[in-house]
Each structure stands twice: as structure tokens, then as C-alpha cells.
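Remember, it's 1-based here, ligands and their atoms both numbered in the order they're listed. Predicted, not measured: the structure shown is a model, and the values here were computed from it.
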Amino acid sequence: DHGLSEADPEVRSIIDKEKERQFKSLELIASENFTSRAVMEAVGSCLTNKYSEGLPGKRYYGGNEYIDELETLCQQRALEAFQVDGKKWGVNVQPLSGSPANFEVYTAILKPHDRLMGLDLPHGGHLSHGFMTPKRRVSGTSIYFESMPYRLDESTGLVDYDMLEKTAILFRPKLIIAGASAYPRDFDYPRMRKIADSVGAFLMMDMAHISGLVAASVVANPFEYCDIVTTTTHKSLRGPRGGMIFFKKDPVLGVDLESAINNAVFPGLQGGPHNHTIGGLAVCLKHAQSPEFKAYQNKVVSNCRALASRLTELGYKLVSGGSDNHLVLVDLRPLGIDGARAEKILDLASITLNKNSVPGDKSALVPGGIRIGSPAMTTRGFSEKEFVAIADFIHEGVQITLEAKRLVSGSKLQDFMKFVASPDFSLMDKVSD
Ligand code: PLP
């Protein structure tokens, strides 16, 4: 058996290039992180060879004595890492990632076309929370269920709970989803619990982005108020790519969540668990109980605050005016540029972040902002001083974007771009001739 360099130099070389890119750039994508060598060792192990459909002790394949031990250990560590009482809560560690975990919850507790409400994607929510446009049901969640997104109050950048309450009373969802992909503040769980109770809905938190912060208790604890908590495992939690679903053990609204959710994962939507991922996750959840992990998560938040205050000093408008977690959302529209251009220019300088829509954007195709996260560079050892420097680099990148826009606006290129965008020039017609 050969190692990768010998067996496939082409793939080896791509991996080497990607590794160099990761190590040489300033990685500021809020959903990314650098997992540990120990996690990667587990993920790259023989655990990938084994089929184990079912749950520990109840498998459809033989030879699972060690896999049972592993999955049970992973479940125990998951409950410990989030300090939840194993008598009241259970967990499924098999979801292949965050979107499947969410869809598994929906199919567990809803019937096709039941109603749900999640934060709208252009306001920071995730696709899997039911995204749709006026023209198209984009996400599977909005295709198979009836979705009515709630939104932010555009004047404050905070979730508009009053509007959520009014809409919930009219729409009567069976499920309300807290959690986001681009929201720099905590959710008001007591308020959302009250709203869910008033309409007889389940309350679920998708803590994918902030699960590391939740484990370290540096943000509010969703387990106190929610019936179900889902998460990815590869963002602030710093584990392998995967997902988890936590559920209350006592029935909620007459539903036995434990069996409904376990059955939705398998055989409902998945087959064999990815045991190599479960191995890596168990390692990650051990790290997550260490004092070093807590210190790391505290630094993620303080670094993000330092970044936010430097950007504010430089005159930038931040959605909600700042951040209580691991990300900031910068509204670039007051400067007259969009997030896509800034992302591109910063990419050329090896500063990796992403364009992001901001409340009030006219089109999702031209997002007006950028999202900047602190987890990955905090893992690389950066502290507040370096995050202030990052704000200054981003500022320089934005200045260059503005300069590029100014240069283009006085050039023939501008005329050309207008021509390409005009009805006189339809590339599709020419191609299809
Ligand atoms: N939920 C939230 C809040 C997310 O931000 C994401 C991913 O960005 C997901 C779910 C989906 O996770 P995955 O990409 O693993 O399917």
C-alpha cells in the first residue's frame, strides 16, 4: 500500500497547494477554523472503513463492538461539553453536516407542508431555515415545508421580535428556528420561547456558528429554552465537518423527540454513519472541555470586539453597531461599493473573507457588505493587537476597491461594461446561434 505522494502525486500536490494557501492567508471566513492534528488523525483513520447503520447496541452490521464504544463516548462527551443533563437531553452525533441535521429535525417533527419560521437569509439566516425568493423556493426546506421568514429591524440590525410575534400569531408555525449564519448578536431565547409557546410551536436553535462559544459559556445558553438544538461541528467548535442534534428526552407537544429524531437520521435520511467523523468529533469534544478551549473562545470574542471597535474608529458602519460573538458584518453601501468587489480585491492580498448581504440590500446578487470572523486567526494565535492590524488591512483593501471603481468609472472599460449589461448585447443569444 502506497502513501499519497506515491499513489497520486496530482492530488498530493493539490492538497499541498491548499495547505499553503490556508497557512499563508489571513483566514477570516466566520464559518471556518483550523482543526487540530489529533482530530485530523482520527478523521484520516481506519474508522472510515466501517459500516454501522443503526445506533450503539442496535446495528444492522456485525463487527461494531469498537464503533459502539466510540459513538457512545462521543455522545457522552457531547452532553458533557455543552453541560446538559443526560437524564433530560439526548444527542444524535450521526448527521453528516449542518443542513442534513436541520432537515432531519424538520422531517422528524413536521409533516410535509407544515409551517415553520426561521431568520430570512438576506438578514443573516441560513438557507436550510427555509429560504425562498418571491420567484423561487430555493431551499429544500421551503420546497417541502411552508416557510415564512422573520427579519431584522433594519434600523437597529437586531431581530424584530415584535414582528416575529405578530407574524407567528397569524401564520401559526409548528416550528420556530433561532440561529443564524451572519448575526453578530445573541438571540433572545426567553422571548422566542414565549412566542413559540403562545402559538404551540417547537423551538429549535441552530447554534452552528456559535457552538464553540456556547460550550465555553461565553454567550447565552440555548439549552435552557429550546426543545431541540442542532449544530455543525466544524465552525467555532473547531472539530471535523459534521453535525449533531440535541433533543429533550421528555415528550414535547406530544412528540417523543428521541425516537422521532433518531429515526429521521436513520433510516429516514441517512445510511451508514461516517465513523471517521464521529472519531474526530469525540476528540474535538474532549478538547472542548479543557480550560484552554474556554480561554480560546474568550479570545475569539475579545478579538472580534477589538476588530469591531477599530473598524468603527475607521468610520465603518457595522450591522447592529458591533458584535457580541465571533463575527462582524460591515455595511459597505455608505461608501458606494459592494461586498463582492471588496472580497475580490482582499482575496488578491490573501485576506480571505466573504461578501454578505446586509439588511436593506436591493438584490441578493449584489450583497452590500462583508462578513468577518475571528475564530480561525484566533486559533493561529492572534490577539487583539493583530485584529486591530487586520482592520487596518481591510481598510486599505476597501480604499483600493474605491480607487479601482474610480479608475474604471472614467475609462472606456466603463462604456464596455455598460454595453455588456445592455439588452443590445445578449451573450446567450450569440452562444446559442
Ligand atoms: N446552519 C447554520 C447557521 C450555518 O451557518 C450553516 C453553514 O454555514 C449550516 C447550518 C449548514 O451547515 P453545512 O454547510 O455543514 O451543511
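Checking only distances, Asp206 does come within under 3.5 Å of ligand 1, N or O to N or O. The distance criterion of under 3.5 Å between nitrogen or oxygen atoms is met by Ser97 with respect to ligand 1. Remark: ligand 1 and His129 share no N or O pair separated by less than 3.5 Å (distance only, no angle test).
Among residues two or more places apart in sequence or in another chain, the salt bridge (Lys or Arg N to Asp or Glu O under 4.0 Å) test is passed with Glu343 by Lys355.
Ionic pairing of Arg12 and Asp16 is present here: one or more N-O contacts between side-chain nitrogen and carboxylate oxygen are shorter than 4.0 angstrom. In summary, Asp68 and Arg59 engage in a salt bridge, as defined by a charged side-chain N under 4.0 Å from a carboxylate O.
When the heavy atoms of Met207, Arg241, His126 are ranked by distance to atom 9 (C) of ligand 1, first place goes to His126. Of the options Gly98, Ser31, Ala208, the smallest heavy-atom separation from atom 13 (P) of ligand 1 is shown by Gly98.
At a 4.0 Å cut-off, at least one heavy atom of Ala180 sits close enough to ligand 1 to count as contact. Under the 4.0 angstrom criterion for non-hydrogen atoms, Lys235 is in contact with ligand 1. At least one heavy atom of His234 sits less than 4.0 Å from an atom of ligand 1.
Near Ser99, meaning under 4.0 Å from any of its heavy atoms, are these atoms of ligand 1: 11 (C), 12 (O), 13 (P), 16 (O). Here is the list of ligand 1 atoms found below 4.0 Å of a heavy atom in Thr232: 12 (O), 15 (O). Listed by number with element, the atoms of ligand 1 under 4.0 Å from a non-hydrogen atom of His209 are 5 (O).
Geometric assessment of Arg115 against the ring of Phe171 yields a positive cation-pi assignment under the 6.0 Å and 45° thresholds. Annotation: cation-pi geometry satisfied between Arg238 and Tyr296 (NZ/CZ under 6.0 angstrom from ring centroid, within 45° of ring axis). A cation-pi contact links Arg380 to Phe23, judged by a cut-off of 6.0 Å to the six-membered ring centre and 45° from its axis.
Counting only heavy atoms of the protein, atom 5 (O) of ligand 1 lies nearest to Ser181 OG, 2.7 Å.
Expressed to the nearest 0.5 Å, how far CG of Asp206 lies from OG1 of Thr230 amounts to 3.5 Å.
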* To do: Apply ring-ring contact (aromatic ring centres under 6.0 Å, His included) to the pair Tyr150 and His123, showing each step before the final yes or no.
  => CA-CA 9 Å; Tyr150 59 91; His123 280 213; 9.9 Å; no
